[in-house]
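This report refers to the structure that appears directly beneath it.
Note that the structure is a prediction, hence the values are computed from the model and not measured. First listed ligand is number 1; within each ligand, the first listed atom is number 1.
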Amino acid sequence: MNNKLLVIGTMAYDAIETPFGKTGRILGGCATYIGLAASQFKTQCGLVSVIGDDFEKAHLDLLIGKGLDLSGVHSIPGEKTFFWSGKYNNDLNSRTTLETQLNVLTKFEPVVPEHFKNASILLLGNLDPNLQIKVLNQMEKKPNLVVLDTMNFWIESYREKLNEVIAKVDLISINDEEARQITETHSLVKAAKKLMAMGPNYVIIKKGENGALLFDKDKIFCAPALPLEEVFDPTGAGDSFIGGFVGHLSQCGRISFEEMKAATIVGSAMASFTVQNFGTKSLEKLTIPSIKERIVAFKSLTEFEI
Ligand code: AMP
């Protein structure tokens, strides 16, 4: 297994409204959050994405400065970058999409750079399932781990293609609402079983401030979310989670349920930073000692003797 991690997803501009404030156009996109989270680990992380000519150089410099390989990021002249705006409800656990402007995404033909075709981990971030398949098909051989993330937007309109992708991946990571939507099942344990019956050997169900569940065919691991005094903006929490998850697995070079348990805690730690500030601000400033400190906090949160 090599330490190459390939990520496909959106690079975007977002406008976010939470009970604590409203942003203008800020940097977002699932590939952006995933890349920033994964860049904290010893991994060669490449992004496959698309941007318009309105994408700011300062934002490209930020990602390059974090060591991310952007040779798979395609820029389309005369077109605008993907734009998403959303508004969170008071509980911060649910949100409404106000606007999705696909822009460059409608013209995107993903091309995996030659040097990433042998990546050991492929993360198919939240995107059109047709594009996710195209990237999977360009890999030289099947990666050691293929992870899929998706959201209601794609579940509602691209169901058939999405089922095709689900059948081909090793792990699916989605939130509780999406798991129920795909499987039409209320119980998350049953939903995870139904998802595994569709293809993946592992399922992660994210439950926002209630943590995350990791399943394989016979085991369940439950990770808490860190109780925080202040949560400003949950945008990108799921992407930061999965970025930290695959970043950890890529760094340690082992794919097993036991290692995924640790990766789930690492991912939860990364998500806990993201929600403490608007957009990517927390991830941009993150340091290794602060990540280590937070993982220790997670450990002591759940440790007990009986
Ligand atoms: P999360 O909060 O983890 O679901 O991720 C939020 C990010 O997903 C935002 O930065 C958005 O730009 C991006 N996003 C929103 N809608 C979509 C979509 N339909 N496809 C891909 N990315 C999206």
Heavy-atom distances under 4.0 Å are what count here, so tell me which part of [X] touches ligand 1: side chain, backbone, both or neither.
X	value
Thr10	side chain
Asp239	both
Glu99	neither

Which protein non-hydrogen atom lies closest to [atom], naming both residue and atom, and how far is it?
atom	answer
atom 14 (N) of ligand 1	Phe82 CE2, 3.9 Å
atom 4 (O) of ligand 1	Arg95 NH2, 2.9 Å
atom 11 (C) of ligand 1	Asp14 OD1, 3.4 Å
atom 21 (C) of ligand 1	Asn126 O, 3.0 Å

Proximal atoms of ligand 1 relative to [X] (non-hydrogen, under 4.0 Å):
X	value
Gly28	10 (O)
Met151	16 (N), 17 (C), 18 (C), 19 (N)
Gly238	3 (O)
Tyr33	10 (O)
Ala12	12 (O)
Phe153	19 (N)

Strictly below 4.0 Å, N to O, side chains only: are [X] and [Y] in salt-bridge contact?
X	Y	value
Asp170	Lys142	yes
Glu109	Lys134	yes
Lys261	Glu258	yes

- line: Between Asp14 and Gly29 the two heavy atoms that sit nearest each other are OD2-N, 3.9 Å
query: How far apart are the closest heavy atoms of Ile8 and Pro110, and which atoms are they?
result: CD1-CB, 4.3 Å
- request: Say whether Thr185 and Lys194, considering side chains only, have a donor N or O and an acceptor N or O under 3.5 Å apart.
  value: yes
statement: When Glu160, Arg159, Lys161 are each screened for side-chain hydrogen bond (donor to acceptor under 3.5 Å, both in side chains) with Asn163, the one that passes is Arg159
query: Which of these passes side-chain hydrogen bond (donor to acceptor under 3.5 Å, both in side chains) with Tyr13: Arg25, His59, Lys80?
result: His59
query: Does an N or O anywhere in Gly236 fall below 3.5 Å from an N or O of ligand 1?
result: yes
message: Quick check: Trp154 and ligand 1, any N/O pair under 3.5 Å apart?
response: yes
field: Side-chain donor or acceptor of Asn2 paired with backbone N/O of Asn118 under 3.5 Å
entry: yes
query: Is the number of heavy atoms from other residues, nucleotides or ligands under 6.0 Å of Lys217 NZ greater than 12?
result: yes
message: Quick check on Tyr13 - does any of its heavy atoms sit under 4.0 Å from an atom of ligand 1?
response: no
